[in-house]
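Report on the following structure.
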Amino acid sequence: MSDFKTVYTICGMCSVRCPAQALVRNDEVFYVRGNPNAGGIKGSLCARGAAGVALTMDEERPQTPLIREGERGEGKWRSVSWDEALDYVADKIKELQARHGKETILFSDRGGPFRDHYRAFLRGIGTPNYCNHDSACARNVQHGAMSVYGFGRKTVSYDLKNAKHVILQTRNIFEAINVKEVNDLLDAMDAGCKLTVVDVRSNISAAKADNVFIIRPGTDYAFNLAVLHVMLRDGLYDKDFAAKWIQDLPALEEFVKPYTPEWAEQETGASAAAIEEFVRQIWDAAPAVIWHPGWMTARYSDSFYVSRTAYLISALLGCVGAKGGLPLAAKPGDVGRKGLKSFMNLYPKPEVKRVDGVGWEQGLTHLDPGPGLVNLAYNAIETGKPYPITGYIVHRHDPLMAFPDKKDVFESWKNLELLVSVTFSWSDTAWYSDVVLPLSPYLERESIIATKNGLSPHFFVRKRAMQPRYDTKAEWEIYSELAKRFGLDEMVFDTVEDLWNFQLQETGVTIEDFEATGMAKLTDTPIYKEVDEKTFKTPSGKIEVISAELEKSGLESLKPYESPERPPEGRYRITFGRCGLHTQGHTVNNPLLFERMPENILWMHPEAAARHGIENGEYVEVGNNGYTARIRAYITQFIHPEAVFMVHGFGHDLPAESRAFGKGAADNLLMPKGIKRYDKAGGAIAMQEHFIEVRKIAA
Ligand SMILES: Nc1nc2c(c(=O)[nH]1)N[C@H]1C(S)=C(S)[C@@H](COP(=O)(O)OP(=O)(O)OC[C@H]3O[C@@H](n4cnc5c(=O)[nH]c(N)nc54)[C@H](O)[C@@H]3O)O[C@H]1N2
Ligand SMILES: Nc1nc2c(c(=O)[nH]1)N[C@H]1C(S)=C(S)[C@@H](COP(=O)(O)OP(=O)(O)OC[C@H]3O[C@@H](n4cnc5c(=O)[nH]c(N)nc54)[C@H](O)[C@@H]3O)O[C@H]1N2
Ligand code: SF4
Ligand SMILES: [Mo]
């Protein structure tokens, strides 16, 4: 292996971004593995990470910049040079801004640690309208954390390695993978940590659990209220921590009185005795308990309150700031170091208000204005209010697949005069765009240096493992080139080393410091920060049971439980999730991953199957509101009878993806006009508030 060189990179096959290492010879990557120096990774990547090599080899991705000919979505493209594509985009932005104001440009991405450079570009051109994809993912969790603790969900980390009891509620760690989390939890379980799963079906995590609660879909809030009832009724909570840090506890105590375990049994199906026993187990393990507040919770109109109660339970168990619980994530400043110099600070924050209303409009003041809510920005494209949005750059985001009902979302974009997609693969959104700017897959590009806050804060870098196979570019190259066209010279860099040196200039770290391990540690020992007067960023400085911020928006802090609707006769509540082998919708066409899992299946309960005469393994038709698709039935007693379940991301219909084309069913198309149904308190889309038909296909 001596003629191989190793390059430190960051896996780009999902948003977790595990530290990785590529083995390279003659400008070709032979193998990728987890960075052996990164704690918890243990040199491993998941199957998707390993398939990063197949992505670079794949010919079925945009290979050059493309400008649309013909109608949007017709698939007629003109292959152009980078100069022509970037001139086209820059000229069009300038023209739209001259007509409608600088704020007429909207941008959305999928969030994450590599945003600083392109967010500087948005500031530089004067638009406040940066959004991320999160109203289709974790916004309810984010806003749940903010309403209880005053800080965002990533201000605490999950100390899985030292936990004694982990509760996965709407969270499937062993399939919706983060490699370090999987390894840490397995280590903890070897050392005796208990695992409880609360789900609508028995997933792989449930197969390893000590307690499994398969509950009626949409009743998690009832489950949590009963847990709070038992804790407060029996005094099973950390009274010192509560006295010091929790405000208005008596109001909570009073509120949960009617929500007994016996009541919750009727709602959820979980036995009252099992709930009582479970609360005793978690109290025994406290404070080394992680009650996961959920990740993908864009599911119900009360999902925000599920996360809120999860955070309140964690507070009562004294888990906030605790080893084995939810320790406070340390930042460079907490270990006496300076952070990276920010590109965004090169330009002033635009003074115009956000178009989505987040942070200023009545009813939206309790929400996080950082990334706003892109679904609300789409209303402005349609109505021109509060001002027109006429240009939209979609970066690393596929809203036509990530939001329900592609036709409906696309229709709401009708007034856009410029739609640009920056992506490394085909996606529904790229296919419907005016311009496609092809990004190099992660092995073929560098990224800006990023910071990982946590028990051991550090900087990390993605280096280029091989030159691009096609005419594609890295993000920093694309936005440097665009910035040049707007005279934003401060953020233009000719080499990546110049860019990195800009970031590192005040840190005492040099780029050479990343050579040995791919990372630059800022401390040698993990930091468990103490909870103090500055921890909780709520108006009271405490954990708030009653949130004035929520109430200002006309929302209840302690919302009475409402029982979810039962499905109409012969219909089922659609539920969905992830599988270990694919990332969202963008890996189905990956040659290696497609081979292992070419289509999704429909989980259904034997009672439901019998109702329609459906046998295990046969293709059935699922439908709602005019969309129908064929999918294979998987009949199992390990799912709640009211639900059917499928993995998200299948049912592709783009001719450019020959492998994925027509395989499986698209859950997102079974949710008519679903983008309009969202949790008013948490801001995320309520995607599981739809009932679908399942039919036997006539022989
Ligand atoms: N019905 C339904 N809807 C869902 C979900 C569901 O389960 N069911 N899941 C939701 C969840 S949890 C999420 S997170 C969202 C995901 O929604 P998105 O964030 O839109 O999903 P991805 O497919 O990960 O990425 C979008 C596009 O970005 C491209 N891409 C990937 N990595 C990069 C990169 O590093 N740079 C750039 N420029 N492009 C990149 C991909 O090729 C892909 O085309 O969808 C949500 N929507
Ligand atoms: N392999 C893989 N890993 C991933 C991703 C991926 O695409 N593939 N995506 C990443 C991203 S963007 C995200 S957001 C995370 C998502 O991580 P998770 O949120 O953990 O993943 P999901 O599979 O969407 O959902 C978790 C579980 O919720 C269950 N569920 C559905 N409805 C209900 C309900 O009403 N109540 C309860 N209690 N449970 C319910 C599902 O059955 C599923 O088992 O995964 C990340 N990791
Ligand atoms: S979880 Fe898998 S796909 Fe995601 S970053 Fe890590 S190795 Fe890559
Ligand atoms: Mo997500």
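Please read these numbers as outputs of a predicted model, since none were measured by experiment. Count residues from 1 along the sequence. Both ligands and their constituent atoms are indexed starting at 1 by order of listing.
For a threshold of 3.5 Å applied to N or O pairs, the pair formed by Cys579 and ligand 2 contains at least one separation below that value. When only interatomic distances are considered, the shortest N/O to N/O separation between Arg299 and ligand 2 falls below 3.5 Å. Residue Leu581 has no nitrogen or oxygen atom sitting less than 3.5 Å from a nitrogen or oxygen atom of ligand 2, judged on distance alone. Polar contact check, Arg110 against ligand 2: no nitrogen or oxygen pair lies under 3.5 Å apart. At a 3.5 angstrom cut-off on N or O pairs, Asn172 counts as close to ligand 2. An N or O contact shorter than 3.5 Å links Met296 to ligand 2 by distance. Of the N or O atoms in Ile177, one or more lie within a sub-3.5 Å distance of an N or O in ligand 2. Here's the thing with Trp295: none of its N/O atoms is less than 3.5 angstrom from an N/O atom of ligand 2.
Ligand-side atoms of ligand 2 in range of Asp220: 34 (C), 35 (O), 36 (N), 37 (C), 38 (N), range being under 4.0 angstrom from any heavy atom. Numbered from 1 in the order shown, with element, the atoms of ligand 2 that lie under 4.0 Å from a heavy atom of Ser15 read 12 (S). Interface of Gly580 with ligand 2, defined as ligand atoms under 4.0 Å from a residue heavy atom, comprises 1 (N). For ligand 2, the atoms lying closer than 4.0 Å to a non-hydrogen atom of Cys137 are 14 (S).
Defined by atom type and a distance below 3.5 Å, a donor-acceptor pair is present between the side-chain atoms of Tyr130 and Arg115. No donor-acceptor contact under 3.5 angstrom links the side chains of Asp134 and Asn132, judged on distance only.
Closest to atom 27 (C) of ligand 2, if we only count protein heavy atoms, is Asp199 OD2, 3.3 Å. Ranking protein heavy atoms by distance to atom 8 (Fe) of ligand 3, first place goes to Cys11 SG, 2.3 Å. In this structure, the protein non-hydrogen atom closest to atom 40 (C) of ligand 2 is Thr170 CG2, 3.8 Å. Counting protein heavy atoms only, atom 5 (C) of ligand 2 is closest to Arg578 CD, 3.4 Å. Nearest protein heavy-atom neighbour of atom 32 (N) of ligand 2: Gln688 NE2, 3.1 Å. The closest protein non-hydrogen atom to atom 7 (S) of ligand 3 is Cys46 N, 3.5 Å.
Look at Cys14 and atom 2 (Fe) of ligand 3: no N/O/S atom of the residue is under 2.8 Å from the metal. At least one N/O/S atom of Cys18, from backbone or side chain, sits under 2.8 Å from atom 6 (Fe) of ligand 3.
Using a 4.0 Å cut-off between heavy atoms, Cys14 makes no contact with ligand 2 at all. Contacts with ligand 2 closer than 4.0 Å are made by backbone heavy atoms (N, CA, C, O) of Glu175 only, the side chain lying farther away. Residue contacts with ligand 2 for Arg201 involve side-chain atoms from C-beta outward but no N, CA, C or O (heavy atoms, distance under 4.0 Å). Contacts with ligand 2 closer than 4.0 Å are made by side-chain heavy atoms of Asn203 only, the backbone lying farther away.
Ser301 contributes atom OG, which lies 12.0 Å from atom OH of Tyr678 (distance to the nearest 0.5 angstrom).
When His582, Glu181, His640 are ranked by how near their heavy atoms come to atom 8 (N) of ligand 2, first place goes to His582.
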TODO: Show your reasoning for whether salt bridge (charged side-chain N to carboxylate O under 4.0 Å, His left out) applies to Lys42 and Asp187.
DONE: CA-CA 12 Å; Lys42 303 186 178 179; Asp187 285 348; 3.0 Å; yes

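Here Phe460 and Phe514 keep their ring centres 6.0 angstrom or further from each other. Ring to ring, Tyr118 and His395 are close: their centroids are under 6.0 angstrom apart. Not less than 6.0 angstrom separates the ring centroid of His605 from the ring centroid of Phe638. Less than 6.0 angstrom separates the ring centroid of Phe424 from the ring centroid of His586.
The residue from Tyr305, Trp263, Tyr300, Phe223 that alone fulfils the ring-ring contact (aromatic ring centres under 6.0 Å, His included) condition with Tyr561 is Trp263. The one candidate from Arg464, Arg61, Lys463 that meets the salt bridge (charged side-chain N to carboxylate O under 4.0 Å, His left out) condition with Glu444 is Arg61.
Salt bridge annotation for Glu28-Arg469: absent, with no cationic side-chain nitrogen under 4.0 angstrom from a carboxylate oxygen.
Between the side chain of Asn624 and the backbone N or O of Leu670 there is at least one donor-acceptor pair closer than 3.5 Å.
Using a 30° and 60° split on the angle between ring planes, Phe213 and Phe278 fall in the perpendicular class, above 60°.
More than 12 heavy atoms of other residues, nucleotides or ligands lie within 6.0 Å of NZ in Lys161, so this atom counts as buried by the packing criterion.
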